Amino acid sequence: MKYLKYTPYLYLILGAAFIYDGIKSWNDTAATPKVSFFIGGLAIFMFFFRRRFAKKMEAKNNKT
């Protein structure tokens, strides 16, 4: 279960990749950069959410 503390960083990397893709395809008329920005923002949100949730669970486990 040690790998679970590293999975939020995967969200951060994926978020950065999707935002980069959105910036790269901003001027392309056939591309949809808004979807890339949305997925990137969602992935960054999940990074902070998972990190906060893990800290709460760790504090709860240390309390008992």
Side-chain angles (χ1 to χ4, degrees):
M1 295 295 275
K2 291 255 184 194
Y3 65 90
L4 288 178
K5 70 179 187 177
Y6 298 114
T7 54
Y9 296 105
L10 181 64
Y11 285 115
L12 191 63
I13 292 169
L14 287 175
F18 275 106
I19 289 175
Y20 173 75
D21 180 54
I23 291 171
K24 190 175 72 169
S25 64
W26 184 259
N27 290 328
D28 189 10
T29 57
T32 56
K34 292 178 186 176
V35 175
S36 293
F37 286 133
F38 176 73
I39 294 172
L42 186 65
I44 290 174
F45 167 76
M46 285 298 296
F47 165 73
F48 288 111
F49 179 78
R50 294 274 311 251
R51 193 174 66 164
R52 181 174 166 229
F53 186 74
K55 285 182 182 180
K56 277 186 177 180
M57 288 296 122
E58 185 178 329
K60 185 178 178 181
N61 288 339
N62 288 340
K63 186 187 257 188
T64 60

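Computed from a predicted model, the values in this text were never measured in an experiment.
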Search all heavy atoms of S25 against all heavy atoms of P33 and return the closest pair with its distance.
OG-CB, 3.7 Å

d(R52 CZ, M57 CE) to nearest 0.5 Å is 11.0 Å

Among N27, D21, D28, find the residue that satisfies the side-chain contact (heavy atoms from CB on, under 4.5 Å) test when tested with K24.
D21

With rounding to the nearest 0.5 angstrom, report the CD1 to CD1 distance, I13 to I44.
11.5 Å

With ring-ring contact (aromatic ring centres under 6.0 Å, His included) as the rule and sequence neighbours excluded, what pairs involving residues 11-35 come up?
W26-F37

Decide whether F53 and L42 are clustered together by the hydrophobic rule: side chain heavy atoms of Ile, Leu, Val, Met, Phe, Trp, Tyr closer than 4.5 Å, transitively.
no

Are L12 and M46 in one and the same hydrophobic cluster, where Ile, Leu, Val, Met, Phe, Trp and Tyr link if side-chain heavy atoms are under 4.5 Å apart?
yes

With a 4.5 Å cut-off on side-chain heavy atoms, are Y6 and L10 touching?
no

